[in-house]
Each structure stands twice: as structure tokens, then as C-alpha cells.
Amino acid sequence: MQFPLTSARRHATAAAVAMVGVLCGQAAGQSMNDVQKAATERGLSTADLLAAAKTYTPSGMKDEYIIFSSGGHSGQVFVIGVPSMRLLRSIAVFTPEPWQGWGYGVGEEILAAGMSMGKENLWGDTHHPAISETEGEYDGEWLFINDKINARVGVIDLRDFETKQIIKNPLTVSDHGGTFVTPNTEYVIEGGQYAVPWGSEYAPISEYKEKYKGSVTLWKFDRKKGRIDESRSFAIELPPYWQDLSDAGKLASDGYIFMNSLNTELATGGIESGNPPFEAGASRNATDFLHIIDWHKAEEVYKAGKVEQIKGFPVIMLETALEEGLLHVTPEPRSPHGVDVAPKGDFIVVSGKLDPHVTIYSMAKIKKAIASKTFSGHDEWGVPILDFDSVLEAQVEVGLGPLHTQFGPDGYAYTSLFLDSAVARWTMGGSYGKGTPEPDWTLVHKTPVQYNVGHIGVAEGDTVSPDGKYLVSFNKWSVDRFFPPGPLLPQNFQLLDITGKGTDMPVIYDMPIGFGEPHYAQIIKADKLDPWTIYPEVGWDPHTMSLDPMAPKPKMERVERKGDTVEVYMTSVRSHFNPEHVTVKQGDKVVWRITNIERAVDAVHGFSIPVYNVNLSLEPGETAKIEFVADTAGTFPFYCSEFCSALHLEMMGYFMVEPE
Ligand code: K7E
Ligand code: CUA
């Protein structure tokens, strides 16, 4: 039996058949008839087979691109291959995660550094990952991620895909417009979000205008140390709007930060007292303000010491920012969400959630308006408002609920439409014009997605040289797409093939994400990443990224008592720990060092102690140190929690705590 073949699809089918032929390898006894038969039995169309041929990744074949996706309120980052859409790992950042041994014996100090106001916080709400950049290109060395709920930034080393640092913003308690990096990763930008008094101290909401503050923080990244250097970082005070998404300028707009806002109405809510709820109060105005911040200038002002120390952190006060002319705003329609800088830095695209257009600003016109002081007025805080018409380049009607824009290599731009549940393709003008068959600044096509897309990611689509090829639609709802695993449904990542022109941009794969609610993601060419598969030397401490001189080595295993402290020097190798008996007295302090001395790729050992809430993941060469007080007497079989060998169940020992 043949699967249905429309004339329009005949060409595509030939390609599919050819590709499936290659994929099948024409093994003995197989033929294209078998492909047709299997497709018919499963009710697959020609388009389905073509999509399969474009995405099916046989065992051992590697992906061309890698997605780093935020994990939303799982507090983590996900690593996914494209086009296979296979989940390769999650990276624990703000939330303890036992498989990675994050927060169950190691990582506690890093997690603790991010705790707010002396309280334990064991989750995060990750929104915007940023791969480090060199000259506006992803360089694949570092990854940054914000935590919206507690205004924190995580730093992940892409040599081992592990979190090395968590920084708590001392000024504010929520962030959204971050993380974004400047073109050479000089700074990691973190915009505040919901205005609060400095340090999130108490002030009644009736004092909103006087006491509540907006801000943006520029964290200095020290590439050599691989850490944010708090001592060279600073913030800029902004009006108490809710700062929203931001992007760093590049090339034509190098040196600028663009940051949206909402609630320029300064609504303070209070539905319970008969006031308009925030949702109405904060979307009353037809426009909000795009902040345009000259960070080169701000850096000079900071270095000249024109700052105030607030909560021990240097802040360029709003007054100073205005005196120095480093802050301007311009109107943006309506309840803006995404702001995205075009590859050459010459255009800035803003999407207003309640406006069916994307609004495109020209950097050349912005610079001119700043120089000639073409203001349409000043806001309540005296911030000069650049005249909208004098900085506007174009508006393109794309559809309902535009959120985020990414760019292709060929003059197309793509915008997610939350309400339409679609991805719009439209043409750029200016220096990008004529790259496409269609006229400049024109909507070309909308591909429906399922459902309610938030961010989209195009391969390297926010760099100076987008690759195009693939677009991933990070959909918020999945409704009827998958088997419902209870009422909490997965999100849906849909892969689109954008190699075609015009209306040719089909969905070719659905990937359910059954963990957290991702927001932004960046997609990098896999060959730009060069991760380690084993640690460079036996006794490597991933937290310092250096050899630990105290790391246990073979033949130096021992248990040593020093007063009330018992020090354990342990090694693990298939399939035993050495030593296997560790006996202490109740109340002893235990310092347990353990090294995985394996050199084989993937020879990971776990180390878990019951009752004491310990689980480590020790990758080949890794050493770790855990410390605890043996306050509970008993007999505790510890074991290796990774199935590392045939005799893995025998990879155990006894931790015995003698009662007092
Ligand atoms: Cu649109 Cu936090 Cu970037 Cu979600 S944000 S979608
Ligand atoms: Cu080592 Cu199981």
C-alpha cells in the first residue's frame, strides 16, 4: 500500500525517500517498501517522513547544535541537542540536585553565597541564559543565568558544565532583564524587575514613589578567574518602573544597553481595596519606556568614583546618570516584552504584548536624537524622552501577542506570537534588505505552533552572525500534544526548519519538557564547545578548577583522628572504596575526602551515606570534601549510587557511629 501522495508533495517525497534510504543504510532485506509499509501502519504522511529524515538521529550520530535552555522554576539549565531534540543533561544551578551531587555534600557554599537576607533558598526561577561572547560571537566558554525570584546570577563553566558561582544582588530581590553579556563579556547585565526599596527593606507601598527603586547591575566578569568580580561591579539607579528584558548593543550600538520597562504607570495594585489590579494598572498607558543606557559612559562615571555606596555596593544615582547624560528613554508600545538587537547592532526590535506590531528603532537615529537633544519631554524623574518619531525606523504588523525576536542570516527576522500561537517570519530592511525575495519590513509568513510560544531561539540568532537553519519555539502550553501525565503537563519545544524561504518553515519535531518551565534559550554550534570528558588530573577540585593538594591518592588512603575530628582519605575505583570501614564516635566532626581515581570516560562513581543526606557524583579524576558532625549513632552502609560496573552493588562500605 502507498502512503498518500499529493502532487505538491511529490518532490519532497523523493527527497524523503532518498534520505530515509541513506538513514536505513539499505540493510539486508530492507527496502523502501518497508518504509512505506511502516509509515502507512502508523498513519504518517509524506511531510512526517520528511521531518523524520531531517531530525532522526541514529545511535552514535551527534547533534550539530546545542541548546542551553533555562529551566524556569526548576532553577536549573537544560542542555539539548539539535536537531535530535534529545535532552543531554540538566545543570544544577540554584536548586540542589542529587544526581549531580549538587547541594548534598558539595556545592553548599556556592548555594549559600546566593541566599537572600540570611534565609535558606533552595530553588530559583531561571529565565535568560547567556553564553559568553567574543566580538559578539558565542565563544562557548562560559554560561550565565539569572534567577528572577531572588535576583541572583549563576556562572557555569562550560569546560565541565558545572556551576562555579552564585551571586546575590544586594540592591534588589527580583530580576528579569538578565543575564545578557556585552560583546566581549566585559559585563554580565542584570536588570532589576519589581521595584523594591534598596536591599528589599520594608517600606509601605504608599511610599512607592519615594522609596521604591529601579536598577540595572553591571557585573564585571573576570575571564581569567572565571568569576564575577564583585569588587569591580556597579549598578545604576533607574526610575521605579519595572525593568524588563534587556539586550546589549553590538557593532553599530556597541556600548549601549537597551532595557524595556513595564509599569511606567507606577501602579501599586491593591485589588482587595477596590484598586485596579496590577494587570490593569500597569498596562493603562499606550506606551512604556525603552531605557537606553550608555554603559561605556557609565563605566567611566563609576571609575571616576561618582557613586554612592548602597548596601555596600557602588550605585550611580539617577541624578548622576542624568547629569552625565548616560540615560535616555523613548516610548515603546504597549506593555513591551522582548527587546532584541539586530546582528549588525543597527536596529533594535521591541515587541509590545498588547500591540500587534514589532517596533524597530534605528541606532543611527537614536544617536542623532541624543546628540541633538530631540526630546519630546522628560519623565517624572527628569529622564529625557527621545522623540518617538525621530528614532523610529519601521513597524511591522506581525500578529497578536508578539514577545521575542531572533534573526536569521538572510534578512529574515522571527517573532514569537503568544496569543496567535505562531512564529512570524518578516523581512528586515536597511542594510539587510534584498536578502529575501519579499519587500523590506514585511510580514512573510506565520507558522502555527502548539501552543502559546514564549521565547524562540534561532541557531546563534542573537549574535553578530546568525546561522539560521533551525528555530526552536519554546511553547508554554502543550494541551493535547502528548499523553497527559496528570494535570501538570509538559512544556513543548517545537523544532522548525527555517532553511527555506518565504512560507517554507515547517515544524519538524516536538519535544516535551517534563521538568520546569523554560523561558529563553541560546543555540550554539556544537563544535564551538570543547567540554572535558574527564578531569585533567586525578585529584581535581571542580570548585577551584585546580588540583587539590589534599586530594586522596592511591596508597595514601587512611582514616586519621585529630582530637574530635576524624579525617577520611578515600579513593573510589571500580568496584570498591578504600577504606571500606569508617568508624567514629557520636559527636565527632568528620572531614571526608574522596577521589575518583578513574581515567576512563564515563566511569563515574557516586558516594552516598544514608540518614546523613549525602550524595556525591564523582566524575573521573574528581575529588570532593564533605564535612559533617556525626551526631546520629548507628550503622550506615554507604555505597556508590552510580551503576558503574557489574559488581557495583558490592561497591559499598560501613560508616559506623558508636554511641556516646
Ligand atoms: Cu518572555 Cu522571562 Cu524572557 Cu518567559 S520571559 S517567555
Ligand atoms: Cu561505583 Cu557503582
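Heavy atoms only, all atoms of each residue included: I228 and S233 are closest at CG2-OG, 4.3 Å. Of all heavy-atom pairs spanning P183 and G249, the tightest one is CG-O, 3.3 Å. Considering every non-hydrogen atom in both V155 and G226, the closest pair reads CG1-O, 3.9 Å. A422 approaches K446 most closely through the heavy-atom pair CB-CB, 4.3 Å. Smallest separation of non-hydrogen atoms from Y414 and G408: CE1-N, 4.1 Å. When every heavy atom of T330 is checked against every heavy atom of I385, the shortest pair comes out as CA-CG2, 4.4 Å.
The six-membered or imidazole ring of Y520 lies away from that of H127, with a centre-to-centre distance of 6.0 Å or more. Ring centers of W426 and F407: at least 6.0 Å apart, outside the cut-off. Between F278 and W242, the distance separating the two ring centers is shorter than 6.0 angstrom. Aromatic rings from W441 and F347 are positioned such that their centres are separated by under 6.0 Å. Less than 6.0 angstrom separates the ring centroid of F221 from the ring centroid of W142.
There is a side-chain donor-acceptor pair under 3.5 Å between D139 and T134. Using a 3.5 Å distance cut-off with no hydrogens or angles, the side chains of H445 and T447 do pair a donor with an acceptor. Under the 3.5 Å distance criterion, with hydrogens and angles disregarded, no donor-acceptor pair is assigned to the side chains of D244 and S261. Residues Y451 and N492 bring no donor and acceptor atom of their side chains to less than 3.5 Å of each other. Side chain to side chain, N184 and E135 fail the donor-acceptor criterion of an N or O pair below 3.5 Å. H176 and Q243 share no donor-acceptor pair across their side chains, judged by distance under 3.5 Å alone. A donor atom on one side chain and an acceptor atom on the other are not found under 3.5 Å apart for D410 and Y432. In this model, a donor atom of one side chain and an acceptor atom of the other lie less than 3.5 Å apart for T264 and D288. A donor and an acceptor atom, one from each side chain of R334 and S283, are nowhere located under 3.5 Å apart. A donor-acceptor contact closer than 3.5 angstrom is absent between the side chains of T442 and E438. Judged purely by distance below 3.5 Å, without hydrogens or angles, the side chains of D346 and S431 pair a donor atom with an acceptor atom. There is no side-chain donor-acceptor pair under 3.5 Å between D294 and H296. Side chain to side chain, Q395 and T359 meet the donor-acceptor criterion of an N or O pair below 3.5 Å. Checked by atom type, the side-chain pair Y256/K367 shows no donor-acceptor distance below 3.5 Å. Between the side chains of E299 and Y187, at least one donor-acceptor pair of N or O atoms lies under 3.5 Å.
Using a 30° and 60° split on the angle between ring planes, F375 and H378 fall in the perpendicular class, above 60°. Ring pair H337/H455 is tilted by interplanar angle, where 30° to 60° counts as tilted.
In this structure, the side chains of F94 and T163 stay at 4.5 Å or more apart for every pair of heavy atoms. With contacts defined as side-chain heavy-atom distances shorter than 4.5 Å, the pair L529/L158 qualifies. Two residues are said to be in side-chain contact when any heavy atoms from C-beta on lie closer than 4.5 Å; V153 and I166 fail this criterion. At least one side-chain heavy atom of I292 sits less than 4.5 Å from a side-chain heavy atom of F258. Counting only heavy atoms from C-beta outward, the side chains of L238 and I293 approach each other to under 4.5 Å.
A salt bridge links K476 with E517; the closest basic N to acidic carboxylate O contact falls under 4.0 Å. Salt-bridge check for E380 with K209: passed, with a basic side-chain N closer than 4.0 Å to an acidic carboxylate O. A salt bridge links E141 to R223: one of the charged nitrogens lies within less than 4.0 Å of a carboxylate oxygen. Look at R152 and D147 and you find a salt bridge, because one of the NZ, NE, NH1 or NH2 atoms lies within 4.0 Å of a carboxylate O, short of that distance. Ion pairing between a basic and an acidic side chain is recognised when a charged N comes within 4.0 Å of a carboxylate O; K306 and E324 show such pairing.
Taken to the nearest 0.5 Å, the CD atom of Q406 stands 5.0 Å off from the CG atom of D462. Atoms NZ and CG, on K213 and L318 in that order, are 8.0 Å from each other to the nearest 0.5 Å. Here the straight-line distance linking atom NZ of K297 with atom CH2 of W295 works out to 14.0 Å at 0.5 Å rounding. A distance of 6.5 Å separates OG1 of T463 from NZ of K250, quoted to the nearest 0.5 Å. With rounding to the nearest 0.5 angstrom, the NZ atom of K365 is 11.5 Å from the CG atom of D387. The NE2 atom of H404 sits 10.5 Å away from atom OG1 of T415, with the distance rounded to the nearest 0.5 Å.
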List the steps, then state whether ring-ring contact (aromatic ring centres under 6.0 Å, His included) holds for F180 with H128.
CA-CA 8 Å; F180 291 90; H128 304 111; 5.7 Å; yes
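The environment of K211 atom NZ is sparse: at most 12 non-hydrogen atoms of other residues, nucleotides or ligands sit within 6.0 angstrom. By the neighbour-count criterion of 12 heavy atoms within 6.0 Å, atom CD1 of I271 is sparsely surrounded, having that number or fewer from other residues, nucleotides or ligands. No more than 12 heavy-atom neighbours from other residues, nucleotides or ligands sit within 6.0 angstrom of CH2 on W477. Atom CD of E319 sits in a sparse spot, with 12 or fewer heavy atoms from other residues, nucleotides or ligands closer than 6.0 Å.
Here the options are K469, E460, E137, the test is side-chain contact (heavy atoms from CB on, under 4.5 Å), and the partner is K525; only E460 passes. Tested against V216 for a side-chain contact (heavy atoms from CB on, under 4.5 Å), the candidates I236, L171, L327 yield a single pass: I236.
For S390 (side chain) and A369 (main-chain N/O), no donor-acceptor pair under 3.5 Å exists by modelled atom type.
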